[in-house]
Amino acid sequence: MSAPTAPRWRVTLADNTVDEQEIAAVTDVLRSRWLSAGTQTAAFEREFADRLGADDAVAVSSGTAALHLAMMALDLGPGDEVIMPALTFVASAAVVALAGATPVLADVCAPDDLTVDPADVTRLVTPRTRAVVAMHYAGYPADLAALRMVCDRHGVVLVEDAAHAPVVEHEGRMLGTHGDIGCFSFFATKNVTSGEGGMVLAGDPAVRERIRLARSHHLTTSTWDRRSSGDASYDVAGIGLNYRPTEVSAALGRVQLGRLGRDRQRRRELVATYREVLAAAPELVLPFAGRTGDSALHLMPVVLPEGTDRGGVREGLAAAGVQTSVHYPPVHHLSAYRDSAGAGRSALTVTDAVAPRLLSLPLHSRMSDDDAVLAGRALLSCLRGR
Ligand SMILES: *Cc1c(COP(=O)(O)O)cnc(C)c1O
């Protein structure tokens, strides 16, 4: 049986580095015949926590599950507010809205810094604010020192949406360990992928234990434990869901985590190549080009010149075989959130100005330098032709 083939782009937006090592790891799991969370999952948690300098980690079934468990640990309810960037993936807004609470959208810093603006966050804090979500856009750290200060001053929780940023050092510690809770995604297009998957970190062992319990129906013993011990009894002392990963995804994640260093180096070279080629168009903004610190280099975003027909540029690039995307349509531009109470609290000036100009170019560690040159030059010729 052959797998269906993806459209034949010359340069795809994202790809993974899955090869024989992952195939062998998954085959071993299948031969073990235990497929839900078990020893592979425990080992993945241990290795991920060690890599990030955290005490422990909880593996889950997706990044969205990670964010949902983070919000469940806060006992959010109607009237509560959670501040997050308007320019983010919708998942963090959804898990807040699901609790009956209000996602309050904050502006991003500037066209060349697409992380949440701590000054706007400060303006948006009210007595109802329960948490602030920092998203490390494209793998570049948000201003955690400033956000930490705002959160501490008002006694609110700092959650990191580190879906773009696995294993990134920032001011002496890893992203995901600066906040009270850190959430990661291992979705198919992320830097570390297990197909679907995620991880939650929490500095407070009590919060971590709550998250671990809620991941699996809040059962006091897991199926794996009961299988090992033969004891059939359990209690449920809180509300929980099933957000367990599978052993297959954990085994994949473990191999992928081992590849991350090499993959990162390739991404670094590709981003350098892009910046060299795109320097020929000084009217383009290359976000984060001035950053010198560590980054996961998850995306290669550009901000097109004002007034550019982005649809036309994307069609031109597609005609050249270059797949592009937009990260992201801002949350308040999505119909479910347009009229939500938290959408109109900030003017969102920068977000609204950059939203129609954002474009993500292909970036993944299977790309060659020639691929980046091809994609970069294709963008230059689209801009000249406008
Ligand atoms: C991918 C992503 C998520 C959601 O993760 P899933 O694993 O797809 O559920 C959340 N936030 C951001 C910023 C993401 O990029």
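Note: hydrogens, waters and symmetry copies are ignored here, and every other heavy atom, side chains too, is used. By convention here, the first residue in the shown sequence is residue 1. Whatever order the structure lists ligands and atoms in, that order sets their numbers, starting from 1.
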* To do: Apply salt bridge (Lys or Arg N to Asp or Glu O under 4.0 Å) to the pair Arg130 and Asp75, showing each step before the final yes or no.
  => CA-CA 10 Å; Arg130 298 288 314 283; Asp75 281 321; over 6 Å; no
Which salt bridge (charged side-chain N to carboxylate O under 4.0 Å, His left out) pairs, counting each pair once, include a residue from [range], with sequence neighbours left out?
range: residues 364-381; result: Asp15-Arg366, Arg266-Asp369
range: residues 96-106; result: none
range: residues 321-350; result: Glu81-Arg345

* To do: Please check if Val167 and Val60 belong to a single hydrophobic cluster, counting links between Ile, Leu, Val, Met, Phe, Trp and Tyr side chain heavy atoms closer than 4.5 Å.
  =>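 Val167 does not cluster with Val60.
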Which atom pairs, nitrogen or oxygen on both sides, join ligand 1 and the protein at under 3.5 angstrom?
from, atom 1, to, atom 2, distance (Å)
ligand 1, 5 (O), Ser185, OG, 3.2
ligand 1, 7 (O), Gly63, N, 2.7
ligand 1, 7 (O), Ser185, OG, 2.7
ligand 1, 9 (O), Gly63, N, 3.4
ligand 1, 9 (O), Thr64, N, 2.9
ligand 1, 9 (O), Thr64, OG1, 2.5
ligand 1, 11 (N), Asp161, OD1, 3.4
ligand 1, 11 (N), Asp161, OD2, 2.8
ligand 1, 15 (O), His164, NE2, 2.9
ligand 1, 15 (O), Lys190, NZ, 3.2
ligand 1, 15 (O), Tyr328, OH, 3.1

* Asked: Do any N or O atoms from the side chain of His170 and from the backbone of Pro141 form a donor-acceptor pair under 3.5 angstrom?
  ->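 Such a contact is absent between His170 side chain and Pro141 backbone.
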